[in-house]
**Q** 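Would you mind keeping the following structure in view while I ask a few things?
These numbers come from the heavy atoms of this one structure, side chains and all, not from hydrogens, waters or symmetry mates. Residue numbers begin at 1 in each chain, while the letters A, B, ... track the order of the sequences.
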Protein chains: 2
Amino acid sequence: MQKNNTPKYQVLKAFIIEAIQSKQWLPHEVITSENVLAEQFTMSRHTVRQAIGQLTNEGWLYRVHGKGTFVQEQLPPARKTIGVITTYISDYIFPAIIRGIENVLSQNDCQLMLGCSNQQVDKERQCLESMRNQQVDGLIIEPAKSGMPNPNVDLIQKMIADGLPVLTLQACFDGLEHNYVILDDVQAGVTATKHLLDLGHRRIGGIFKADLAQGQLRYKGFMDAQTKVGISLAEERVVLFVGDETGKSIQTTQYETLLQNVTAVVCYNDLVAVKLMDIIKEKGLKIPEDISIVSFDDSQLATFSEVKLTSVAHPMEALGEKVASEMLSLLAGTKDVVHEKMLLKLIKRQSSKAIDERV
Amino acid sequence: MQKNNTPKYQVLKAFIIEAIQSKQWLPHEVITSENVLAEQFTMSRHTVRQAIGQLTNEGWLYRVHGKGTFVQEQLPPARKTIGVITTYISDYIFPAIIRGIENVLSQNDCQLMLGCSNQQVDKERQCLESMRNQQVDGLIIEPAKSGMPNPNVDLIQKMIADGLPVLTLQACFDGLEHNYVILDDVQAGVTATKHLLDLGHRRIGGIFKADLAQGQLRYKGFMDAQTKVGISLAEERVVLFVGDETGKSIQTTQYETLLQNVTAVVCYNDLVAVKLMDIIKEKGLKIPEDISIVSFDDSQLATFSEVKLTSVAHPMEALGEKVASEMLSLLAGTKDVVHEKMLLKLIKRQSSKAIDERV
DNA sequence: AATTATTTGTGCGTATGTATC
DNA sequence: AGATACATACGCACAAATAAT
């Protein structure tokens with residue numbers, strides 16, 4: 001006869017759990033007493049106590065001295081909580097992204113735990129640590145300072161190793177194999193620049209954020225499109241900046257040099273474009289007659305401005321929905337790897353015009 | 001000799017916990033074996049096992065078969081998580097409110113769990129249940145459909161009874177004693193209306209949302225200010241609506257009747273005001289020359305519109321910061337009751353003008 | 001109000017199995 | 001292979017809480 005390896009107390013545990021799950025024993029009902037169980041299962045009371053003790057710790061039962069042991073009410077399985085860490089939460093395109101995520105998650109009975117890095121890696125680490133602590137069931141993160149090496153990769157790696165599904169948004173972590181949903185920012189840069197080339201512009205300027213991957217890639221697209229048609233990149237037509245999203249760090253002289261050498265400008269985002277429009281207006285020039293402008297993101301700003309902006313549309317809410325539903329796939333196990341790159345379309349408005357029609 | 005009531009295994013447990021807390025026993029170090037402990041404490045090995053078993057369940061120790069029992073690494077105390085349920089999250093003034101909350105919480109080492117009711121009480125209940133389940137440490141909630149009886153009061157009451165600090169935002173739950181940080185919407189209504197009265201207007205119209213407390217109270221202020229100066233409220237000067245925040249449900253004829261009978265209009269919020277301005281413009285009338293408009297909230301819309309809006313400023317971010325810091329006080333125990341009503345100020349812009357200067 | 005039966009809580013002794021070094 | 005550690009298992013005794021008599 002083969003030896004039975006399952007301990008006696010495990011057998012009893014399985015029996016009790018089955019009785020509870022099959023609703024033979026109902027919540028707050030007294031269960032069979034320790035002595036009776038010992039007799040029924042031909043084991044010592046001590047062994048019965050071991051089984052019941054463990055089930056008590058596991059939340060199946062509770063004991064009352066002198067009365068008996070009772071079935072614990074089973075809490076509904078906790079909703080999954082998805083941690084979301086973005087660089088900003090309440091400005092620009094971010095509310096829309098978060099709305100997209102929230103929509104999909106709440107429709108699928110998941111919860112949203114929100115963190116905000118403010119583009120600071122130390123704040124990002126804080127958020128990561130506390131979410132790891134809180135045992136979120138999935139993590140969606142938009143890397144801070146995505147153009148620079150990120151010191152939090154080690155922590156992310158640990159979390160992935162622990163089996164946590166991790167998805168990055170808008171950018172990737174360098175030197176780490178992971179899931180992502182990003183934008184094809186190179187293609188976006190090409191699209192914006194090609195639009196101006198098609199309109200006949202040949203001296204095209206660019207303003208880009210250098211410390212974010214998004215800025216670097218849009219800049220690459222900006223260059224690629226021009227190289228393809230044989231335009232070499234002139235130093236005086238490019239302004240790179242870091243830090244503040246609106247380009248506060250850009251000097252007035254930089255704007256002036258730029259504007260003297262171009263007929264059109266590709267702007268890193270709508271915020272930069274709006275600021276540039278103000279400067280152009282101050283100089284007495286007109287948009288698009290004197291200078292054409294194309295920007296990225298197509299945020300609210302693009303249509304609120306006096307001259308409505310031609311802009312490469314950021315999917316915003318759709319991106320949020322996409323990343324959230326991919327996260328659900330990862331959680332459900334229907335997907336193992338998510339490598340998504342979204343293509344962007346240009347929205348033509350009033351700020352760009354063919355050069356041969358210029359006054 | 002007095003009888004010692006503390007069980008032996010409790011004595012051992014206390015000893016072990018003390019050894020860990022005082023760092024005499026360090027994480028992942030082997031502790032004294034069961035047999036030795038039994039000898040040292042003159043108790044049976046079984047009793048030692050009882051103590052160690054419980055400490056294992058409580059996360060102090062872990063056992064490895066054949067090797068020994070080890071000190072479990074103590075996890076840093078989990079950050080407090082504050083649940084926040086608002087009616088919207090990504091539109092209008094809500095991103096700013098949430099930013100305010102997030103600012104204060106993250107500066108105080110707390111986390112934000114976000115839910116969104118979309119002004120639906122069933123969705124609100126879902127959020128409440130899942131947050132209760134997730135054991136948040138505090139709850140900040142903006143009641144949905146605040147002008148109507150709320151079916152979730154029972155659940156909130158249970159959560160309060162469980163000792164959970166609960167704070168409502170912008171509105172209160174009827175028939176429930178609780179903490180709140182709200183706006184003085186009556187005062188806001190008075191302020192808006194008094195501004196128009198001071199400008200000489202005597203036939204003042206109003207558009208208000210009837211299913212939210214905020215709408216009802218602003219309406220009350222609107223009436224109070226006029227009653228005080230002896231103006232009786234005429235039916236044809238008031239439009240009440242429900243549902244969609246922008247007043248989609250308002251009929252064209254309602255707008256026409258209103259505009260024929262007034263020289264100025266108090267609008268429930270900036271969204272309604274912007275829509276009304278479009279209608280006035282379509283009719284060939286001018287703002288503020290023909291019709292003055294005052295609205296509430298002073299959102300981005302107020303300055304993005306062609307004619308910049310005179311609006312009673314919603315504190316937005318400051319409200320978020322206020323409610324978050326009050327929550328921290330409740331958690332710290334430095335406050336028991338929070339009953340805050342914030343006063344609002346009027347921001348004068350171009351949409352309101354004295355009547356005797358009218359063209 | 002006191003007694004009694006039942007039930008869980010604490011505690012000891014013993015024996016054997018099994019993993020680790 | 002043997003020593004040591006934890007794991008499973010049985011048996012017994014008494015304490016303390018509860019409920020019914």
Side-chain angles (χ1 to χ4, degrees), chain A residues 1-20 24-73, chain B residues 1-20 24-73:
Chain A
M1 188 177 128
Q2 211 188 345
K3 191 176 172 186
N4 189 358
N5 275 324
T6 42
K8 285 194 171 186
Y9 76 96
Q10 293 279 16
V11 174
L12 179 55
K13 275 180 73 174
F15 170 82
I16 293 174
I17 288 174
E18 167 60 24
I20 294 173
Q24 288 166 48
W25 290 356
L26 296 174
H28 304 297
E29 258 184 25
V30 186
I31 73 164
T32 317
S33 79
E34 293 175 356
N35 284 315
V36 177
L37 278 174
E39 206 178 332
Q40 283 179 0
F41 283 81
T42 49
M43 53 177 74
S44 70
R45 181 175 161 226
H46 177 269
T47 305
V48 173
R49 276 187 71 73
Q50 190 175 5
I52 290 178
Q54 289 188 18
L55 290 173
T56 300
N57 276 314
E58 291 163 20
W60 294 94
L61 303 171
Y62 63 93
R63 306 202 252 209
V64 179
H65 195 169
K67 288 182 77 172
T69 303
F70 302 81
V71 177
Q72 178 71 262
E73 195 164 7
Chain B
M1 184 178 131
Q2 211 188 348
K3 190 177 171 184
N4 187 358
N5 274 323
T6 42
K8 286 195 170 185
Y9 75 97
Q10 294 278 17
V11 174
L12 179 54
K13 275 181 73 175
F15 170 83
I16 293 175
I17 288 176
E18 167 59 24
I20 294 174
Q24 290 168 47
W25 290 356
L26 295 173
H28 305 297
E29 257 184 26
V30 186
I31 73 164
T32 317
S33 78
E34 292 176 357
N35 283 317
V36 176
L37 278 174
E39 208 178 330
Q40 284 178 357
F41 283 81
T42 50
M43 51 177 73
S44 73
R45 180 169 162 230
H46 178 271
T47 305
V48 174
R49 277 188 70 73
Q50 192 176 3
I52 290 179
Q54 288 186 20
L55 289 172
T56 300
N57 277 313
E58 291 163 19
W60 293 95
L61 302 171
Y62 63 93
R63 305 205 252 209
V64 180
H65 195 167
K67 288 183 76 173
T69 303
F70 302 80
V71 177
Q72 177 70 263
E73 195 164 8

**Q** Please classify the nucleic acid contact of B:Val30 as base, sugar-phosphate, or nothing, using heavy-atom distances under 4.0 Å.
**A**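 Contact class for B:Val30: none.
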
**Q** Which class fits the ring pair B:Phe15 and B:Trp25: parallel under 30°, tilted 30 to 60°, perpendicular over 60°?
**A**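 Judged by the thresholds at 30° and 60°, the geometry between B:Phe15 and B:Trp25 is perpendicular.
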
**Q** Salt bridge check, B:Glu39 against B:Arg45: does any charged N sit closer than 4.0 Å to a carboxylate O?
**A**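 So B:Arg45 does not pair with B:Glu39 through a salt bridge.
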
**Q** I'd like to know if the side chain of B:Lys8 and the backbone of B:Val48 have a donor-acceptor N/O pair within less than 3.5 Å.
**A**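 No; judged by distance alone, with no hydrogens or angles, the pair does not exist.
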
**Q** Could you tell me whether B:Asn35 contacts a base, only the sugar-phosphate backbone, or nothing, with contacts defined as non-hydrogen atoms closer than 4.0 Å?
**A**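 It contacts nothing in the nucleic acid.
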
**Q** Hey, does the side-chain of B:His65 have a donor or acceptor N/O within less than 3.5 Å of a partner on the base of D:dA7?
**A**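 Answer no: no donor N or O sits under 3.5 Å from an acceptor.
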
**Q** Tell me the interatomic distance from B:His46, atom NE2, to C:dG13, atom C1', rounded to whole angstroms.
**A**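 To the nearest whole Å, that distance equals 11 Å.
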
**Q** Hey, is the side chain of B:Thr69 poking within less than 4.0 Å of OP1 or OP2 on D:dA5, counting only N and O atoms?
**A**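 The answer is no; no side-chain N or O of B:Thr69 sits under 4.0 Å from OP1 or OP2.
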
**Q** Below the 4.0 Å mark, does C:dG9 have OP1 or OP2 next to a side-chain nitrogen or oxygen of A:Arg49?
**A**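 True: A:Arg49 side-chain N/O within range (under 4.0 Å) of C:dG9 OP1/OP2.
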
**Q** When the distance from CD1 of B:Ile52 to P of D:dA5 is rounded to whole Å, what number comes out?
**A**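 So the CD1-P distance, B:Ile52 to D:dA5, works out to 12 Å.
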
**Q** Kindly say if B:Thr47 contacts the phosphate of C:dC12, meaning a side-chain N or O under 4.0 Å from OP1 or OP2.
**A**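 The answer is yes; a side-chain N or O of B:Thr47 sits under 4.0 Å from OP1 or OP2.
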
**Q** Can you measure B:Gln10 atom CD to C:dG11 atom C1' for me and round it to whole angstrom units?
**A**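 Atom-to-atom, B:Gln10 to C:dG11, this comes out as 13 Å.
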
**Q** Take atom CG of B:Leu12 and atom P of C:dT10, then tell me their distance rounded to the nearest Å.
**A**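 Roughly 14 Å, once rounded to whole Å.
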
**Q** At what distance, to the nearest 0.5 angstrom, does CD1 of A:Ile16 lie from CD of A:Gln54?
**A**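 If I round to the nearest 0.5 Å, the distance is 11.0 Å.
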
**Q** What is the separation between atom CE on A:Met43 and atom C1' on D:dA7, rounded to the nearest whole Å?
**A**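 To the nearest whole Å, that distance equals 15 Å.
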
**Q** Roughly, in whole Å, what's the span from CD in A:Glu39 to P in D:dA9?
**A**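 To the nearest whole Å, that distance equals 19 Å.
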
**Q** Using a cut-off of less than 4.0 Å, is there contact between a side-chain N or O of A:Ser44 and OP1 or OP2 of D:dA9?
**A**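 Looking at the OP1 and OP2 atoms of D:dA9, neither is under 4.0 Å from any side-chain N or O of A:Ser44.
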
**Q** Measuring to OP1 and OP2 of C:dT6, would you say a side-chain N or O of A:Lys67 lies under 4.0 angstrom away?
**A**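 For C:dT6, OP1/OP2 do not have a side-chain N/O of A:Lys67 under 4.0 Å.
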
**Q** A:Val64 or A:Thr42: which one's nearest nucleotide on DNA chain D is closer to the 5' end?
**A**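 Result of the comparison: A:Thr42.
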
**Q** I need the B:Gln10 CD to B:Ile17 CD1 distance, nearest 0.5 Å.
**A**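 B:Gln10 atom CD to B:Ile17 atom CD1 measures 9.0 Å (nearest 0.5 Å).
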
**Q** Got a donor-acceptor pair under 3.5 Å from the side chain of B:Arg45 to the base of D:dA5?
**A**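 It does not, because no donor-acceptor pair links the side chain of B:Arg45 to the base of D:dA5 below 3.5 Å.
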
**Q** Would you mind reading off the distance between A:Arg63 atom CZ and C:dT6 atom P, rounded to a whole angstrom?
**A**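 The distance from CZ of A:Arg63 to P of C:dT6 comes to 20 Å, rounded to the nearest Å.
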
**Q** B:Thr56 near the nucleic acid: base, sugar-phosphate alone, or nothing, with a heavy-atom cut-off under 4.0 Å?
**A**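 No contact.
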
**Q** Find the distance A:Phe70:CZ to D:dA17:P and express it as a whole number of Å.
**A**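 To the nearest whole Å, that distance equals 16 Å.
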
